[in-house]
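Working notes, beginning with the structure itself.
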Amino acid sequence: MNNPLLTDWDTPFGLPPFAAIKDDDFAPAVDAALAEARANIAAIADDPAKPSFANTIEALELADATLSRVLGAFYALAGADSTPAREALQRDFAPLLSAYSSEISENKALFARVEVLWADRDSLDLTDEQARVLMLTRRSFVRAGAQLENAEATRLRAVKSRLSVLGTQFVQNLLADERDWMMKLGADDLDGLPDFVIATARAAGVEKDAGGPVVTLSRSLIVPFLQFSDRRDLREKAYQAWGARGANGGATDNRAIAAETLALREERAKLLGYDSFAAFKLETEMAGSPAAVRDLLMQVWDPAKAAALDDSKVLERMLHQDGFDGPLEPWDWRYYAEKRRKDLHDLDEAEIKPYLQLDRMIEAAFACANRLFGLAFAPIDGPVYHPDVRLWDVTRNGEHIAVFIGDYFARGSKRSGAWCSAMRSQKRLGGDTRPHVVNVCNFAKPEAGKPALLSYDDARTLFHEFGHALHQMLSDVTYESISGTSVARDFVELPSQLYEHWLEVPAVLSEFATHAETGKKMPDALLERMLGAATYDMGFQTVEYIASALVDLEFHNGPAPADPMQRQAEILENLGMPRAIGMRHATPHFAHVFAGDGYSSGYYSYMWSEVMDADAFAAFDEAGDPFDPITAAKLEKTVLSSGGSVDAAELYTAFRGRMPGVEALLKGRGLAA
Ligand SMILES: [Zn+2]
């Protein structure tokens, strides 16, 4: 066997031998690994021995070990150092992998063994973790339709396949509407726009061959245009076009797609025995039920709406002072809010950046993990997939905990955004395995010899992704399927968002935010302004977000609306939506909800996590020390080491003594009464 992906990796810590791996090695390795996994699955299903936890559930956990090793290396490359060849491989692998997973969920003999164990679960003498893995394994079979026979099974397959076609069509229509619209800006139309907006508008004009600057519907251009343009007539025109995406009639209209999607989702949920699609989706989440989601969102809605209405009075006065009559409109909000922000917290990015050096911020993230959890980080040499990638050996009291991999700089071959993934996950079954955890960011790379400098947002991203990394690195479970970040969607952002709070601890910034040239610490006044600006205009941001989250929830809770636009209008009317604020995403362009299943009935989860991270950090405030050792130890024991081995609500309650409350979030967002 000379495919380096399929040999034993005799490298430091067993990292993938990237230098020896060629792109041509991946397809044969995936084929071989899939064949091996299929043989393992068949052996489990056909095993003549009576089903046991070991010969069925544990065997399933181990069945695709080679596949996950190969894919761990492949996806690291495909996300962070892609090429057309690797993109083509990714397209080839997607249907192979989805066919493999459908084969498992449709394997009747395999499911029959799981059902035997489930029926006998009380007499199997399982540990708590084993009982949880059995429950989760069975649940994923049931949710995929394993209990359905004949016509119902056929119908479920047809519904899922139609839903995936509709999701793709929804996105393509949205992209077409965004691509087709532009507004040319003449010399008189640039009033108020700062240089960077004009430059973006010119670049967009070149791309569109428009012979001058244009506004397009790309968020990175239209939002600053609405923020800065002095021309109220143009703001209105741009805003109306932005709001009409997916609802322009004709071939790219998404309204009928939304209605059909909601109806099919309801049918899918009913086939599987659930009352509604929201009940189906929320079963696996910490929130658990539509009522719990609504309750939490409404607790934040009222104070957010009150704050937004207060703000709108101030902004409306500014509008009138500019000589316009009538009420504040949605195309006015960002413009007057920006003017007011300048008065209240003028912040110059250029003034802040020299204090936020990448290497110092990495040190800060490590130092906090050291004080909280006793972790130590030592740089090491080892195989990497790109020369910018850095490796650290993570230890505690001399014992190896993980390899931490940092890949911080933007490059053309990296997809945008920032993320954390485990090339190898922690587990004990089949040999004690410590994780290899990657943080990927897109920070600007400095010229040779100069230090890399971050914006405050960048520094938060660094801490955020490092929080996910801690969730992987501190994982301490037996089974890989529940390791690290394998938790409910509305729980997975808790460790990451919580970790951002340590960046805001003034002692951390005063120690690590030092000037790149002078080495001096950031002046207190600048630090205060920087932290203060983070909560500006939260009434608006919270209202536009919650309106979308509630519409998403109500769409999937109960019978599917025949006319989603009418239902959306009713929901907003009942909420008393302020007239000058639009939904963050209205139905015809709500890709989170209609492009696929990911965030349907799940758009709330951003706020759910934020409520939790604020409430969780308040535990350290209450202890009187952001590094309180007892609270930190409890956080590790309950949340960070447990993965999905225990229900998320139970984990949170074990940490905090109760479920999360909204008070800390309201305080953090400046919305507390
Ligand atoms: Zn995250």
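For clarity, every value in this text was computed on a predicted model and none was experimentally measured. Both counts, for ligands and for their atoms, begin at 1 and track the order of listing. Numbers for residues simply follow the sequence, beginning at 1.
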Cation-aromatic face contact R265/F277, 6.0 Å, 45 degrees: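 Yes, a cation-pi geometry.
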R143 to F280 six-membered ring, cation-pi geometry met (6.0 Å, 45°):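 Yes.
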N/O/S from E465 sitting under 2.8 Å away from the Zn ion (ligand 1):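 No N, O or S atom of E465 is closer than 2.8 Å to the Zn ion (ligand 1), so no.
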H468 backbone or side-chain N/O/S under 2.8 Å from the Zn ion (ligand 1):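 Yes.
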E493 and H468: side chain donor to acceptor below 3.5 Å: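 Yes - a donor-acceptor pair under 3.5 Å links their side chains.
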Salt bridge present between R360 and E363 (N-O < 4.0 angstrom):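 So R360 pairs with E363 through a salt bridge.
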Geometry at the Zn ion (ligand 1) - H464 NE2 versus E493 OE1 angle, rounded to 10 degrees: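 Between OE1 of E493 and NE2 of H464, at the Zn ion (ligand 1), the angle is about 90°.
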